[in-house]
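First comes the structure, then the notes that go with it.
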Amino acid sequence: GSVAARPLGRVVLDVGGRRFVSSRSTLEAASRYFSSLLERWDECADEPLFIDSDADAFEEILSYMRSGVLLLPQHDERLCARVLLQAEYLGMEALLVEVKA
């Protein structure tokens with residue numbers, strides 16, 4: 001095994017080549033996609049979980065998962081659109097409902 005084992009419950013993600021670290025509970029609580037994916041995930045695996053997605057959009061989504069507050073950059077409509085597309089893909093109903101309200 002590896003010398004510096006990752007703490008249980010910690011998930012390392014490789015999103016479009018960028019590394020993100022979060023708790024399993026944060027990811028599962030906000031996203032049907034992660035809830036389903038992490039059911040089959042080997043928690044002892046050394047490799048990061050690869051998500052073929054837009055890292056900039058994911059950064060905004062992860063911030064929302066952690067805080068429950070959606071702060072989309074008003075000056076960047078393209079990033080906003082990518083965040084919404086990714087939220088839809090990840091099955092994040094709460095975020096989508098908030099945006100449409």
Side-chain angles (χ1 to χ4, degrees):
S2 68
V3 177
R6 181 183 66 253
L8 285 180
R10 185 92 37 94
V11 182
V12 179
L13 302 167
D14 173 351
V15 182
R18 264 177 54 201
R19 191 172 178 268
F20 293 89
V21 180
S22 187
S23 71
R24 182 176 185 156
S25 59
T26 295
L27 296 170
E28 286 180 326
S31 163
R32 275 189 332 214
Y33 174 86
F34 280 114
S35 189
S36 173
L37 181 69
L38 294 175
E39 273 179 20
R40 304 182 307 273
W41 175 59
D42 175 5
E43 192 144 359
C44 298
D46 287 337
E47 287 294 307
L49 209 49
F50 179 71
I51 308 293
D52 189 12
S53 197
D54 179 330
D56 293 333
F58 188 77
E59 186 174 11
E60 302 295 331
I61 283 175
L62 187 56
S63 175
Y64 172 80
M65 288 178 174
R66 290 174 173 152
S67 68
V69 178
L70 185 62
L71 299 171
L72 289 174
Q74 299 302 313
H75 62 281
D76 192 342
E77 286 182 25
R78 292 186 65 193
L79 178 58
C80 292
R82 295 194 320 262
V83 167
L84 295 179
L85 285 170
Q86 200 167 105
E88 206 168 305
Y89 176 77
L90 294 174
M92 298 180 64
E93 276 82 15
L95 184 150
L96 295 168
V97 166
E98 190 172 321
V99 168
K100 292 173 184 170

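Throughout, numbering of the chain's residues begins at 1 and tracks the sequence. Keep in mind the model is a prediction, meaning the values are calculated, not measured.
- One hydrophobic cluster holds both Val15 and Trp41 under the rule that ILVMFWY side chains link at heavy-atom gaps under 4.5 Å.
- From Leu90, atom CG reaches atom CG of Leu95 across 9.5 Å, with rounding to the nearest 0.5 Å.
- Atom CG of Leu13 is separated from atom CZ of Phe34 by 5.0 Å, given to the nearest 0.5 angstrom.
- Under a 3.5 Å cut-off, the side chain of Gln74 and the backbone N or O of Leu72 do form a donor-acceptor pair.
- Counting all heavy atoms, side chain and backbone alike, Pro73 lies closest to Cys80 at O-SG, 3.2 Å.
- Atom CZ of Phe20 sits about 9.5 Å away from atom CG of Asp14, to the nearest 0.5 Å.
- The two residues Leu96 and Ala87 come nearest to each other via the heavy atoms CD2-CB, 4.1 Å.
- Between the CG atom in Leu38 and the CZ atom in Arg24 there is a gap of 5.0 Å [rounded to 0.5 Å].
- Heavy atoms from other residues, nucleotides or ligands lying under 6.0 Å from OH of Tyr89 number 12 at most.
- Of all heavy-atom pairs between Arg66 and Val21, the closest is NH2-O, 2.7 Å.
- Interatomic distance, Leu27 CG to Leu37 CG, rounded to the nearest 0.5 Å: 9.5 Å.
- Among Arg18, Arg82, Gln86, the one residue that satisfies the side-chain hydrogen bond (donor to acceptor under 3.5 Å, both in side chains) test with Ser53 is Gln86.
- Of the inter-residue distances, the one linking Phe58 atom CZ with Met65 atom CE reads 5.0 Å to the nearest 0.5 angstrom.
- Follow the hydrophobic side-chain contacts under 4.5 Å out from Ile61 and you reach Val99 in the same cluster.
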